[in-house]
Amino acid sequence: MTDNTQRPQDGASSARPEDLPTQYAPAEVEGQLYERWVERGYFEADEAGGKEPYTIVIPPPNVTGSLHLGHAFEHTLIDALTRRKRMQGYETLWQPGMDHAGIATQNVVERELAKEGKSRHDLGREAFVDRVWKWKAESGGQISGQMKRLGDGVAWSRERFTMDEGLSKAVQTIFKRLYDDELIYRAERIINWCPRCLTAISDIEAEYQDDEGELISIRYGEGENAIVVATTRAETMLGDTAVAVHPDDERYRHLVGTEIELPLTGRRIPVVADEHVDPGFGTGAVKVTPAHDPNDFEIGRRHGLPNLAVMDEHAVITVHGPFQGLDRLEARSTIVAALRAEGRIVAEKRPYTHSVGHCSRCKTTLEPRLSMQWWVKVGPLAQAAGDAVRDGRVKIHPEDMSKRYFDWVDNLHDWCISRQLWWGHRIPVWYGPNGEVVCVGPDDEPPSGEGWRQDSDVLDTWFSSGLWPFSTLGWPERTDSLAKFYPNSVLVTGYDILFFWVARMMMFGLYAMDGTPPFHTVALHGMVRDQFGKKMSKSFGNAVNPLDWMDTYGSDAVRFTLARGAHPGVDVPIGEDWVQASRNFANKIWNATRFALMNGATVEGELPDAERLSAADRWILSRLNSVVAEVDAYYDDYQFAKLSDTLFHFAWDEVFDWYVELSKTTFAKGGPAADASRRVLGEVLDVTLRLLHPLVPFVTEQLWTALTGQESVVIADWPADSAFRDPAAEREIETLQQVVTEVRRFRADQGLQPGQKVPARLELGGTALAAHEDAIRQLLRLQPEGEGFTATATLPVAGATVALDLSGAIDVEAERKRLAKDLAAAEKELAQTTAKLGNEAFLAKAPDQVVEKIRARQASAGSDIERISAQLSALPQA
RNA sequence: GGGUGCAUAGCUCAGCGGUAGAGCGCCGCCCUUACAAGGCGGAUGUCGGCGGUUCGAACCCGUCUGCACCCACCA
């Protein structure tokens with residue numbers, strides 16, 4: 001090892017390898033390593049640099065609290081991608097930041113206030129917003145801390161917040177531009193109103209679920225003119241301004257155009273004919289409440305009906321009379337009772353399940369409400385957003401998710417962007433004393449003079465996050481960062497916000513950046529679930545704070561577990577057992593490297609030429625190169641689960657197990673072969689640690705710096721596939737593995753203890769195994785033959801023969817059982833392959849390769865049967 | 001009402017046309033001088049049901065059943 005003054009101050013490098021603890025203790029070193037990375041500026045991105053850019057923006061976490069396992073999952077994937085690209089020599093930017101999360105954060109802070117017995121109105125707008133900023137400072141700090149613990153390699157100096165000055169400017173700029181382009185307008189429509197949050201919300205913030213309701217039939221009008229209507233929301237009848245029937249419905253044709261009496265109100269309302277009515281449903285007659293139902297609103301518009309609002313923002317009845325002041329549920333039962341008293345209920349109410357909208361933030365039943373709001377006209381924007389994916393400029397991964405995307409952008413209603421909240425970007429519009437409306441951009445002065453006031457609403461939180469890929473880079477200024485890092489390379493996010501966020505970024509990105517989409521690829525991941533596949537939620541009690549697991553098992557273990565479950569677009573169940581398994585893997589890496597260091601593995605000097613290497617050396621190098629190629633391919637396809645699994649098995653099974661075990665024999669013998677092998681072991685570990693680094697950055701950093709004496713694996717080169725392959729060596733070692741495994745099985749069946757030495761004679765002549773006798777003896781604990789050797793068991797495997805002297809202690813029955821089982825398997829194999837090869841259709845149609853494979857299997861089954869039969873008959877009689 | 005996805009070992013899931021796999025769990029033997037957070041060996045599945053295509057199906061097609069999720073303005 002070379003001297004290295006920058007070496008981390010941890011156990012891995014300050015002690016001699018043999019003094020290292022035998023267990024990896026992540027908690028002691030992860031924090032220090034992270035600090036060092038940040039101090040050295042590894043994660044910062046230089047817009048002036050000449051390297052090719054690679055950009056990913058963080059899906060900005062809401063400042064509502066702390067990160068959950070889902071964030072840890074997403075961050076693991078993004079961090080792995082960016083770390084690899086950084087090692088590949090890209091100018092890498094992982095853009096950090098957070099989202100003010102309008103309604104969500106306001107609700108959280110309001111709940112805090114409620115604990116003090118206060119409402120936001122007690123504080124007033126300004127003081128309340130101050131209070132939210134305070135909350136943001138705390139919560140944001142917590143989130144940053146969690147990200148550091150996770151090892152997120154973000155460019156901290158560039159951290160942004162959706163409400164900071166620059167981003168607010170971006171919001172105002174695009175608002176003004178859209179307004180001037182007539183893509184933003186103000187209109188009175190039926191919106192989803194949350195009577196608890198007291199704000200409008202957009203269509204996708206409404207969560208529909210089946211609620212049990214009661215369908216009640218009410219008779220409107222009298223005698224000949226009576227019409228029975230059915231409703232689940234009797235309270236809205238106070239606002240009815242018509243009854244609608246289908247134009248072709250014979251039953252009601254005579255009534256169309258007449259007026260009938262609306263019970264309880266003394267009002268008379270017209271009967272109108274409208275195509276929307278389904279004559280087959282219920283009585284075929286619908287009460288029409290334009291001010292409280294989106295369909296009725298449309299009917300009303302078609303027939304010029306008045307919009308009569310009967311509930312206020314709290315969903316409390318406002319019309320004068322006995323029901324005034326009742327909230328909607330009280331009103332419902334009271335009104336039904338009143339109707340019954342008048343004999344208006346014609347059929348008993350019956351249970352009825354129907355889909356009802358709920359507020360996605362507080363679950364309150366939404367009240368459709370007529371209201372003046374700001375809207376984005378999405379038609380042209382959505383068209384462009386759809387086209388960018390359709391024509392391949394943006395790829396959605398996995399691809400079948402793009403279908404969902406199209407379904408949405410192609411059937412989009414206008415987007416209600418105003419919210420009656422206090423926390424958020426205030427709408428940059430002023431109203432004058434004479435009804436003037438002025439939209440003001442960031443560079444304009446707001447109108448002055450008497451009677452001007454700013455719109456009191458704020459914007460939907462997704463309005464600002466839709467600008468994230470470019471607002472974080474300085475837009476609307478034409479900054480160098482924007483030029484360098486836009487468009488982003490990939491967007492990594494959950495499929496659950498494909499509509500909320502991805503589609504909005506697409507629309508705004510294309511619009512603001514002159515038709516350049518915000519990113520080349522959208523890589524969608526699934527949701528983290530518990531070990532039984534259940535959704536994690538705080539109320540259900542199965543939510544996990546990633547910090548807890550990181551404290552216990554280390555960040556690497558949590559990260560590796562998450563990466564290992566990351567099949568594209570698929571939910572990932574995760575339990576503590578999984579994390580333990582990953583922790584064990586980290587520990588294995590630790591100890592394997594410790595072994596290597598103790599045995600003088602080195603990265604110094606050139607790798608010896610292939611001719612000077614043993615078969616084992618050539619085998620592992622050959623495998624290593626294959627794995628580099630595999631891992632690269634998986635990375636490029638966002639197959640994190642597969643690349644993690646590939647690395648897990650390669651590292652553990654092939655390097656740490658077989659290769660390390662084989663190298664023990666070589667090291668014991670010493671000489672040039674041992675020197676060569678030390679260099680190869682160093683090489684293999686060096687490359688393996690670099691391959692693993694993006695997934696498990698901490699343990700690899702410690703070990704790699706100790707092994708190589710270099711500054712940091714963070715800035716090391718990503719391994720190149722050197723194209724060296726040695727199929728012959730691979731076959732040779734596979735054969736060795738076969739022999740060793742077979743004899744081990746025999747030993748185990750014979751009840752021999754693993755450490756027990758057994759005299760043996762090996763006949764390896766003529767096979768490629770001849771050179772491996774020492775290794776085989778070592779791996780199988782076989783002694784030299786010695787005096788009086790008697791072969792009591794002879795095992796022919798893969799062309800070689802291993803004869804063991806069990807001093808007559810052989811368990812004949814166990815051996816007979818074992819062989820009988822093998823024989824049965826071989827016979828079955830022979831029967832199957834023979835049948836197949838006797839099938840002419842198969843021979844005619846199957847590819848040659850397949851036929852060859854079957855022939856080979858048949859042949860080996862045949863020789864196995866011969867061999868096993870011989871062994872069986874050679875067994876002593878019981 | 002539409003749409004999508006999933007049903008494979010005890011659990012959670014890979015595999016997606018040519019001998020059924022992983023992790024965890026389970027059984028047995030071992031503290032073998034890197035690692036017991038380890039080593040070695042082992043057991044376990046009519047790949048949801050029924051049809052079809054194919055020389056060959058866990059894999060393709062149809063259908064049924066059961067579960068998820070998304071979308072939708074039927075009172």
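Everything quoted here is computed from the prediction, not taken from an experiment. So you know, we letter chains A, B, ... as the sequences are listed, proteins then strands, and number each from 1.
Listed nucleotides B:rC70, B:rA34, B:rC73 differ in distance to A:Arg404; the shortest reach to its side chain belongs to B:rC70. Among the nucleotides B:rC35, B:rC40, B:rC55, the one closest to the side chain of A:Glu661 is B:rC35. Checking B:rA75, B:rA43, B:rG41 against every side-chain atom of A:Lys821, the shortest atom distance belongs to B:rA43. Of the candidates B:rG41, B:rC55, B:rA37, the closest approach to any side-chain atom of A:Ala841 belongs to B:rC55. Comparing B:rC74, B:rC35, B:rA34 by their closest approach to the side chain of A:Asp278 singles out B:rC74.
Side-chain contact between A:Val802 and A:Val797 is absent, with no heavy atoms from C-beta onward closer than 4.5 Å.
Rounded to an integer number of Å, the gap from A:Arg818 CZ to B:rC29 P is 19 Å. Between A:Leu498 atom CG and B:rC71 atom P there is a gap of 10 Å when expressed in whole angstrom units. Here the P atom of nucleotide B:rC55 and the CG atom of A:Asp848 are 17 Å apart, to the nearest Å. Taking atom CD1 of residue A:Ile216 and atom C1' of nucleotide B:rA75, one finds them 12 Å apart after rounding to whole Å. In this structure, A:Ile396 places its CD1 atom 17 Å from P of B:rU4, rounding to the nearest Å. We find that CD of A:Glu840 is positioned 11 Å from C1' of B:rC55, with the value rounded to whole Å. We find that CD1 of A:Ile589 is positioned 13 Å from C1' of B:rA37, with the value rounded to whole Å. Between the CZ atom of A:Phe499 and the C1' atom of B:rC69 there is a distance of 11 Å, rounded to whole Å.
Comparing the P positions of B:rA20 and B:rG25 gives a spacing of 27 Å, expressed to the nearest Å. Taking the P atom of each, B:rG62 and B:rC70 are spaced 25 Å apart, rounded to whole Å. For B:rG45 and B:rC61, the P atoms lie 29 Å apart once the distance is rounded to whole Å. Taking atom C1' on both nucleotides, B:rA14 is separated from B:rA7 by 14 Å, rounded to a whole Å. Atom P of B:rG42 sits at a distance of 29 Å from the matching atom of B:rG49, rounded to the whole Å. If you take atom P in B:rC13 and the same atom in B:rG17, they sit 23 Å apart, rounded to whole Å. Rounded to a whole angstrom, the distance from the P atom of B:rA68 to that of B:rC50 is 24 Å. For the P atoms, the distance linking B:rC40 with B:rA34 amounts to 14 Å, nearest Å.
Electrostatic pairing of A:Glu298 and A:Arg189 does not count as a salt bridge here, judged by no charged N lying under 4.0 Å from a carboxylate O. In this structure, A:Glu235 pairs ionically with A:Arg332, as a charged nitrogen and a carboxylate oxygen lie closer than 4.0 Å.
In RNA chain B, runs of at least 3 stacked Watson-Crick or G-U pairs (N1-N3 plus N6-O4 or O6-N4, or N1-O2 plus O6-N3, all under 3.5 Å) give these stems: B:1-7 with B:65-71, B:10-13 with B:21-24, B:26-30 with B:38-42, B:48-52 with B:60-64.
The aromatic rings of A:Phe585 and A:Trp652 lie parallel to each other, their planes meeting at an angle below 30°, with 60° marking the opposite boundary.
A:Phe656 comes within contact range of at least one nucleobase, with a heavy-atom separation under 4.0 Å. The residue A:Gln750 sits apart from the nucleic acid: no heavy atom pair falls under 4.0 Å. Looking at heavy-atom distances under 4.0 Å, A:Asp657 makes contact with sugar-phosphate atoms alone, never a base. A:Lys287 comes within 4.0 angstrom of no nucleic acid atom, judged by non-hydrogen atoms across all strands. Nucleic acid contact for A:Val277: base, since at least one base atom lies under 4.0 Å from a heavy atom of the residue. Looking at heavy-atom distances under 4.0 Å, A:Gln23 makes contact with a base. Using a 4.0 Å heavy-atom criterion, one finds that A:Tyr553 contacts no nucleic acid atom at all. Contact annotation for A:Arg583: base contact, defined as any heavy-atom pair under 4.0 Å involving a base atom. Counting any heavy atom pair closer than 4.0 Å across all strands shown, A:Ser355 reaches a base atom. Within the 4.0 angstrom heavy-atom criterion, no nucleotide atom of any strand lies near A:Lys757.
In terms of the side-chain contact (heavy atoms from CB on, under 4.5 Å) criterion, residue partners of A:Thr741 (sequence neighbours excluded) are, by chain and number, A:Trp658. Residues passing the side chain to side chain donor-acceptor pair (under 3.5 Å) test with A:Ser371 are A:Gln373, sequence neighbours excluded. Checked against side-chain contact (heavy atoms from CB on, under 4.5 Å), A:Ala846 has the following partners two or more places apart in sequence or in another chain: A:Phe842, A:Val851. For A:His413, the side-chain contact (heavy atoms from CB on, under 4.5 Å) criterion is met by A:Asp203, not counting sequence neighbours. Under the side chain to side chain donor-acceptor pair (under 3.5 Å) criterion, A:Asp240 pairs with A:Tyr220, A:Lys287, A:Thr289, not counting sequence neighbours. Residues meeting the side-chain contact (heavy atoms from CB on, under 4.5 Å) test with A:Ser582, sequence neighbours left out: A:Ala557, A:Phe560, A:Thr561. Residues forming a side chain to side chain donor-acceptor pair (under 3.5 Å) with A:Asp653 (at least two apart in sequence, or on another chain): none. For A:Asp822, the side chain to side chain donor-acceptor pair (under 3.5 Å) partners at least two apart in sequence or on another chain are A:Arg745.
When the nearest nucleotides of RNA chain B are assigned to A:Phe500 and A:Asp749 by heavy-atom distance, the more 5′-ward of the two goes with A:Asp749. Where A:Asn839 and A:Asn295 each meet RNA chain B at their nearest nucleotide, the meeting point lying more 5' is that of A:Asn839.
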Show your working on side-chain hydrogen bond (donor to acceptor under 3.5 Å, both in side chains) between A:His303 and A:Asp274 and close with a plain yes or no.
-> CA-CA 9 Å; A:His303 299 276; A:Asp274 195 283; 2.8 Å; yes
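Listed by first then second residue, pairs satisfying side chain to side chain donor-acceptor pair (under 3.5 Å) with a partner in residues 838-848 of chain A number zero, not counting sequence neighbours.
Within residues 239-248 of chain A, no residue is approached by RNA chain B to less than 4.0 Å at the level of any non-hydrogen atom.
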In 5'-to-3' order, the base (B), backbone-only (S) or no-contact (-) status of each nucleotide in nucleotides 10-25 of chain B, using a 4.0 angstrom heavy-atom cut-off, is --SSSS--BB--SSS-
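Taking the ring centroids of A:His525 and A:Tyr495, they lie at or beyond the 6.0 Å cut-off.
In this structure, A:Lys588 reaches the B:rG39 phosphate: one of its side-chain N or O atoms is under 4.0 Å from OP1 or OP2.
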